[in-house]
> 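Have a look at this one.
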Amino acid sequence: MAGRPASLSAREEGSFAYITIKDRTPQILTKAIDTLHRHKSEFFEKHGERGVEAEKKAISLLSKLRNELQTDKPIVPLVEKFVDTDIWNQYLEYQQSLLNESDGKPRWFYSPWLFVECYMYRRLHEAIIQSPPIDDFDVFKESKDQNFFESQESVIALCTHLQALASAVEGLDENQLKNEFFKLLQISLWGNRCDLSLSGGETSSQKTNIINSLEDLKPFILVNDLERLWSLLTKCKKTREKVPVTRVDIVLDNSGFELVTDLVLADFLLSSKLATEIHFYGKMIPWFVSDTTVRDFNWLIEQVKRSDHKWMSKCGTDWENYIKTGRWVYHDHIFWTLPHEFCAMSQVAPDLYAELQKAHLILFKGDLNYRKLTGDRKWEFTVSFHQALSGFHPAPLCSIRTLKAEVQVGLQPGQGERLAASEPGWLTCGKYGIFQFDGPL
Ligand code: F6P
Ligand code: MG
């Protein structure tokens, strides 16, 4: 597409992309290697000597990967056959085609950051699938589960809040309902601070009751299109007799506490009748440390259900029922773990694009989704979100994201500059958030 700014890249020393590739990704790989080491005896118990050999193989592949990255070697094609191998290798060729002869091959510190960072996680997956019988081991599973357990108190508080709300919801007037809707959306936004890739895989859980902090956090919401979400969904509710289904799709991000906030929101959307059906999208392979896979999704609901806490376990039972009765639907698609910008979705994954077109509203959770929505490019802060989406408009959509990468559009003139002057790390520290909507007025 002509006229779009350049991609962010680790080429620029000191940029966040540079620091990520130089420091954080090797740290994540080292942690993955440690995790494999620690599970050695478990692999032995399960698979005998073959398990130990597989652990050694996976570790050596990951050490090799870390070395390639740290010495800025060319990006090499994937070798192990998997559903997406050909698409990845074609994409690598495409990256090569963008370079001049003097540039050489796509490299870690040279190519677009979005591409190389996604490639790192895909290579990590390749190392695991090349190492049977431990080829379905998720090196991030432990950290994701730990994040959930460490957030227990917050989870209980949220589930209790949700159940109280569910029993009162019929009696709420319009204003009260709107207030509750906004509250749960803000909880889901701040839940996105709990991702584990920003912290290099270190724990990042929600230890305090987030509901009590919402007022204090409001000044950190840089773009707030909540009113537009409200007017869209209330319009759908009012025309329910003509159009009986209102479908909200949630493109999930992190497992653990953030996933709980998303499920709580999804539950409320049903009980308030703002929606009648929720569709979730997760990742098919372990991704950016904490992203939700189907295993994480099912595991978390099971944990919530099995809790000793009355309201927490009620949530788990309700959630399981929503799935059984089809009011909640979980989808997998390989596109979410490809390196492509979302504006390529209609070409690369037309079936997924068609699925998203069925939604009345799509919520995109998290930072990586925002990077893919905007193409991870050096946009001016004041460029409109609609323009940065570069033709990606399957349905009205909203990004719910805390800022952890140097890309932000749709700000007021001067807003970005003022923030940069007072707080140099504002784009990447995860302290600020947005609700950024694109759809009909
Ligand atoms: O900020 C570091 C980073 O790894 C980014 O590359 C990525 O966009 C983000 O973390 C992941 O955050 P989230 O879980 O919100 O998508
Ligand atoms: Mg994530």
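In listed order, ligands and their atoms are each counted from 1.
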> Say whether N369, considering both its backbone and side-chain N or O atoms, lies within less than 3.5 Å of an N or O atom on ligand 1.
no

> Show the numbers, then the answer: is there a side chain to side chain donor-acceptor pair (under 3.5 Å) between R66 and T30?
CA-CA 8 Å; R66 188 177 49 189; T30 304; 2.8 Å; yes

> Indicate whether the side chain of H331 and that of D249 have a donor and an acceptor atom separated by less than 3.5 Å.
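Judged by distance alone, the side chains do not pair up.
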
> Can you sort out which atoms of ligand 1 are near N192, meaning under 4.0 Å from one of its heavy atoms?
15 (O)

> Would you please test D376 and W113 for side chain to side chain donor-acceptor pair (under 3.5 Å) and show each step?
CA-CA 8 Å; D376 211 35; W113 176 35; over 6 Å; no

> May I ask you to check whether D296 and T293 show a side-chain donor-acceptor distance below 3.5 Å?
yes

> Could you tell me, atom by atom, which parts of ligand 1 come under 4.0 Å of a heavy atom of D253?
13 (P), 14 (O), 15 (O), 16 (O)

> If we check ring pair (Phe, Tyr, Trp, His ring centres under 6.0 Å) with F342, which of these qualifies: Y370, W336, Y353?
W336

> Is D291 close enough to the Mg ion (ligand 2) that one of its N, O or S atoms comes in under 2.8 Å?
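So D291 counts as coordinating the Mg ion (ligand 2), yes.
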
> Working note: D138 + R295, criterion salt bridge (charged side-chain N to carboxylate O under 4.0 Å, His left out); need CA distance, chi angles, decisive distance, verdict.
CA-CA 10 Å; D138 178 350; R295 219 194 268 175; 5.3 Å; no

> Would you say S290 has an N, O or S atom lying under 2.8 Å from the Mg ion (ligand 2)?
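No - counting backbone and side chain alike, S290 has no N, O or S atom under 2.8 Å.
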
> At less than 4.0 angstrom from any non-hydrogen atom of E117, what atoms of ligand 1 do you find?
4 (O), 6 (O)

> I need the atoms of ligand 1 closer than 4.0 Å to a non-hydrogen atom of W113, numbered in the order shown.
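The list of qualifying atoms is 6 (O).
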
> Just give me the atom name: the N, O or S atom of D253 closest to the Mg ion (ligand 2).
OD1

> As an exercise, identify every atom of ligand 1 less than 4.0 angstrom from a heavy atom of F16.
1 (O), 2 (C)

> How would you list, by chain and number, every residue that makes a salt bridge (charged side-chain N to carboxylate O under 4.0 Å, His left out) with R401, sequence neighbours excluded?
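In terms of salt bridge (charged side-chain N to carboxylate O under 4.0 Å, His left out), with neighbours along the sequence ignored, R401 is linked to D367.
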
> Quick check on contacts: which atoms of ligand 1 are under 4.0 angstrom from a heavy atom of R371?
5 (C), 6 (O), 7 (C), 8 (O)

> Yes or no: does T20 have any heavy atom under 4.0 Å from an atom of ligand 1?
no

> For ligand 1, which atoms sit closer than 4.0 Å to a heavy atom of D367?
5 (C), 7 (C), 8 (O), 9 (C), 12 (O), 13 (P), 15 (O), 16 (O)

> Under the ring pair (Phe, Tyr, Trp, His ring centres under 6.0 Å) test against F115, which residue among Y91, Y121, Y110, W108 passes?
Y91

> Check residues 380-388 and write down every donor-acceptor pair under 3.5 Å in which the side-chain atom is one partner and the other belongs to a residue at least two apart or another chain.
{"from": "S384", "atom 1": "OG", "to": "Q387", "atom 2": "N", "distance (Å)": "3.1"}
{"from": "H386", "atom 1": "ND1", "to": "D438", "atom 2": "OD1", "distance (Å)": "2.8"}
{"from": "H386", "atom 1": "ND1", "to": "D438", "atom 2": "OD2", "distance (Å)": "3.2"}

> Which of the numbered atoms in ligand 1 are under 4.0 angstrom from any heavy atom belonging to R24?
1 (O), 2 (C), 3 (C), 4 (O)

